[in-house]
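Here's the structure, in structure tokens; my notes come after.
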Amino acid sequence: MLERKFRLNKKQEYKKVFAKGFRYVSRLVVVYIVKGRSVEQSQIGFIASKKVGNAVKRNRAKRLMREVVRQKKTVFKGPCLMVCIARSAITRASFDDVEKSLCYMWKKGGIL
RNA sequence: GAAGUCAGUCAGAUGAUCGCGGGGACAAGUUCUGCAAAGACGUUUCUGAGGAAAGUCCGAGCUCCACAGGGCAGGGUGCCGGGUAACGCCCGGUAGGGGUGACCCUAAGGAAAGUGCAACAGAGAUAUACCGCCGUGGGAUUUCAAGAAUUGACUUCUUGGAUUCUGCGGUAAGGGUGGAAAGGCGAGGUAAGAGCUCACCGGCGGCUAGGUAACUGGUCGGCCCUGCAAACCCCACCUGGAGCAAGACCAAAUAGGGGAACGAUGGAGUGGCCCGCUCCGUUCCCGGGUUAGGUCGCAUGAGGCUGGCGGUAACGUCAGUCCUAGAGAGAUGAUCAUCGCUUCGCAAAGUUGAGGAAUCAACUGCAUUGGGGUAUCUGCGUUGGGGUAUGACCCACGUUGGGGCGCCCCUUGCGUUGAGAUACCGACUGCGAGGAACAGAACUCGGCUUAUAGACUGGCUUCGCUU
RNA sequence: GGCGGCAUAGCCAAGUGGUAAGGCAGAGGUCUGCAAAACCUUUAUCCCCCAGUUCGAAUCUGGGUGCCGCCU
């Protein structure tokens with residue numbers, strides 16, 4: 001679990017990321033990233049919709065994504081706003097799969 | 001051993017590193033907010049999902065509306081008795097049904113209170129009469145019978161019979177339909193029939209015995225009795241509405257103001273309606289303002305565990321003991337190690353087995369197919385003997401005739417014993433690769449229902465084998 | 001988290017115990033020189049799924065599945 005101040009909490013903040021961010025897609029996860037001077041501190045949100053599965057599967061998807069972010073966030077080049085959305089294939093994926101997928105997209109996005 | 005049935009338990013374990021939610025303690029230090037108390041950062045310690053947490057199908061607690069009142073409507077439950085805070089739940093019993101059985105299933109009140117529905121088919125669907133059967137009246141027919149008249153005969157008339165048409169009456173045994181046709185079946189009875197009468201069976205009612213009761217047994221009575229109430233309905237009992245996004249407090253705000261309209265026979269609270277109760281101005285326009293705010297509710301409860309006592313049981317009661325999640329975009333995860341469970345593969349090896357094919361030998365225990373022999377029965381005989389008047393008959397012999405059983409031998413199969421302990425199979429050991437379900441607390445309990453890999457325990461039933 | 005509703009042919013849908021109307025679309029045909037329009041014929045039997053009540057269920061009852069809406 002991330003500390004509260006590193007999380008996105010409000011609906012307007014999510015809307016802002018969806019409106020301004022760049023989108024990167026993989027088989028397991030979709031990521032929206034906002035960089036720039038206006039961002040003072042990294043804030044990250046996680047979404048798993050009902051399409052992913054029941055409550056157990058949704059919680060597991062969010063935990064996996066959160067764990068990857070926790071381990072890697074010290075290596076980030078700069079602060080950013082980010083939303084990670086789980087896709088249904090993530091229910092059968094392992095931690096390594098999710099880590100590879102996210103790192104690939106972060107390199108594309110230029111924050112790693 | 002296999003198959004089944006009922007009841008119950010568990011829901012991988014231990015450890016390491018990095019992390020998350022909640023509670024407590026600490027004060028050396030640093031920074032921030034603050035007058036301060038204190039909070040954040042920090043250190044340390046304790047603790048952190050389920051049997052269904054799920055579906056939200058019932059019942060309660062709790063909160064607000066009058067600590068919920070009267071009536072109507074609506075809804076629910078429905079064999080009997082008990083348990084419970086309560087229930088549509090549970091326990092025990094009754095009746096009906098299923099199963100060889102252990103056992104399981106059943107929304108199981110009332111259809112002689114009323115209304116309604118029962119398509120199609122069928123004569124007829126809650127009462128009927130189409131065909132049929134019987135009686136009777138009438139008509140027609142006649143290679144029928146009898147009698148009479150006339151008589152040579154034909155013929156005519158009467159009566160009866162037969163066939164056929166039709167009117168009236170009786171009947172509900174039989175027909176074929178249907179899910180269902182007004183007790184079933186047999187005998188008597190009758191013109192034909194019919195519970196019309198009788199026996200048995202079934203249903204109903206009365207009396208009676210047992211049982212708290214559902215009901216069961218006995219006895220008597222007469223035969224009016226279609227199904228559907230998960231159709232309306234009747235009877236008995238229960239039921240006010242909303243839900244923790246309830247609700248309470250704090251901060252802020254709904255302000256203050258202007259205009260218009262309506263009005264105490266009014267309006268609102270009250271979410272089906274009426275009464276009752278409580279509150280009191282209400283509505284519209286102008287103008288002003290705005291956030292998923294914080295704290296509580298919120299974790300000691302109809303609580304769990306162990307034991308005693310009462311009860312067939314559900315359950316109750318007494319004593320001891322334990323405190324065991326509390327989030328708010330929502331905490332349990334990631335990476336490994338060892339062990340355990342389980343599936344598959346490999347084996348160059350080893351251990352083991354109330355496992356074990358083929359094979360060999362013995363035993364003759366059982367069975368069986370075929371063959372042979374023997375004895376016996378029976379048939380036959382240009383045979384021999386006995387017997388008698390002749391015969392019948394008896395004995396012996398012969399027979400490539402027939403028959404079954406007995407005995408012996410061979411063959412075949414099973415069995416027993418021993419050898420062989422090899423192929424194969426199972427278990428263990430070793431190595432490698434996998435697998436581990438359903439599913440995440442959201443105010444809290446009691447149930448029900450649904451989902452669920454696998455492992456284990458006990459009772460009982462049926463079948464097979466061994467002793 | 002709580003509360004409520006819906007499901008019938010490819011689409012829109014009627015049906016409230018007796019064997020599933022109608023329209024659009026599709027297919028075939030008639031008409032036409034060819035089309036359009038019009039007319040005729042045709043497509044459900046697993047009425048979302050599983051049980052039960054009933055002689056009989058799309059309809060009534062219970063359980064499940066999927067979809068949609070509301071709360072402040």
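Quick note on labels: first sequence line is chain A, next is B, and so on, each numbered from 1.
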Task: Smallest separation among heavy atoms of Arg23(A) and Val30(A), with atom names - done: CG-CG1, 4.0 Å
TODO: Indicate syn or anti for A419(B), taking the glycosidic torsion and treating anything within 90° of 0 as syn.
DONE: anti
Task: Any residue meeting ring pair (Phe, Tyr, Trp, His ring centres under 6.0 Å) with Tyr24(A), in chain and number order, not counting sequence neighbours - done: none
Open item on the list: Without decimals, in angstroms, what is the distance between Glu67(A) CD and U335(B) C1'?
Closed with: 9 Å
Task: C1'-based separation of C24(C) from G62(C) [nearest Å] - done: 38 Å
Task: Base-pairing mate for U352(B) - Watson-Crick or G-U, with both contacts under 3.5 Å - done: G426(B)
TODO: Go ahead and name the base partner of U63(B); Watson-Crick or wobble counts if both distances stay under 3.5 Å, otherwise write none.
DONE: A242(B)
TODO: Syn or anti for G195(B), please, going by whether the chi angle lies within 90° of 0.
DONE: syn
Open item on the list: Can you tell me whether the base of G109(B) sits syn or anti, using the 90° cut around 0 to define syn?
Closed with: anti
- [ ] Take atom CZ of Phe46(A) and atom C1' of A331(B), then tell me their distance rounded to the nearest Å.
- [x] 14 Å
Open item on the list: Just the rounded figure in Å: distance from P of A54(B) to CZ of Arg58(A).
Closed with: 13 Å
Task: Pairing partner of U5(B) (Watson-Crick or G-U wobble, both distances under 3.5 Å) - done: G459(B)
Task: Atom C1', compared across G241(B) and G272(B): separation rounded to whole Å - done: 11 Å
Task: Shortest non-hydrogen contact between Val25(A) and Arg87(A), atoms and distance - done: CG1-NH1, 3.7 Å
Open item on the list: I need the minimum non-hydrogen distance between Ile90(A) and Met65(A), along with the two atoms involved.
Closed with: CD1-CG, 4.4 Å
Task: Separation of the C1' atoms in G22(B) and G82(B), to the nearest angstrom - done: 46 Å
TODO: Write down the distance between CG (Leu64(A)) and P (C18(B)), rounded to a whole number of angstrom.
DONE: 21 Å
TODO: Could you work out the separation of U376(B) and U399(B) based on their P atoms and round it to a whole Å?
DONE: 15 Å
Open item on the list: Only pairs with both distances under 3.5 Å count, Watson-Crick or wobble alike; so what is the partner of U136(B) in this structure?
Closed with: G167(B)
Open item on the list: Taking pairing as Watson-Crick or G-U wobble with both contacts under 3.5 Å, can you name the mate of G69(B), or confirm there isn't one?
Closed with: C275(B)
Task: Side chain to side chain, Leu64(A) and Glu67(A), heavy atoms closer than 4.5 Å - done: no
Open item on the list: I need the full list of side-chain hydrogen bond (donor to acceptor under 3.5 Å, both in side chains) pairs touching residues 100-111 of chain A, with sequence neighbours left out, sorted by first then second residue.
Closed with: Ser26(A)-Ser101(A)
TODO: Calculate the interatomic distance between Lys62(A) atom NZ and A331(B) atom P; express it in whole Å.
DONE: 7 Å
Under-3.5 Å N/O pairs linking protein and nucleotides 438-442 of chain B:
residue: G440(B); atom: OP2; partner: Ala55(A); partner atom: N; Å: 3.4
residue: G440(B); atom: OP2; partner: Val56(A); partner atom: N; Å: 3.3

Task: Nucleotide forming a Watson-Crick or wobble pair with C366(B), both distances under 3.5 Å - done: G413(B)
Open item on the list: Does G39(B) count as syn, meaning its glycosidic angle lies within 90° of 0, or as anti?
Closed with: anti
TODO: Rounded off to whole Å, could you give me the CZ-to-C1' distance for the Arg66(A) and U332(B) pair?
DONE: 11 Å
Between side-chain atoms of residues 52-63 of chain A and protein atoms elsewhere (two or more places apart, or another chain), which donor-acceptor pairs fall under 3.5 Å?
residue: Asn54(A); atom: OD1; partner: Val56(A); partner atom: N; Å: 3.4
residue: Asn54(A); atom: OD1; partner: Lys57(A); partner atom: N; Å: 3.2
residue: Arg58(A); atom: NH1; partner: Gly53(A); partner atom: O; Å: 3.0

TODO: Could you measure between the two P atoms, the one in A231(B) and the one in U219(B), and give it in whole Å?
DONE: 42 Å
- [ ] Tell me the partner of A127(B), counting only Watson-Crick (N1-N3 plus N6-O4 or O6-N4) or G-U wobble (N1-O2 and O6-N3) with both under 3.5 Å; none if nothing fits.
- [x] none
TODO: Using the P atoms only, state how far A21(C) lies from U41(C), rounded to an integer number of Å.
DONE: 14 Å
Open item on the list: Checking understanding here: a glycosidic angle within 90° of 0 is syn, the rest anti, so what is U324(B)?
Closed with: syn
- [ ] Please measure how far the C1' atom in A357(B) lies from the corresponding atom in A347(B), and state the result in whole Å.
- [x] 24 Å
Open item on the list: Would you measure the distance from the P atom in G311(B) across to the matching atom in U84(B) and give it in whole Å?
Closed with: 16 Å
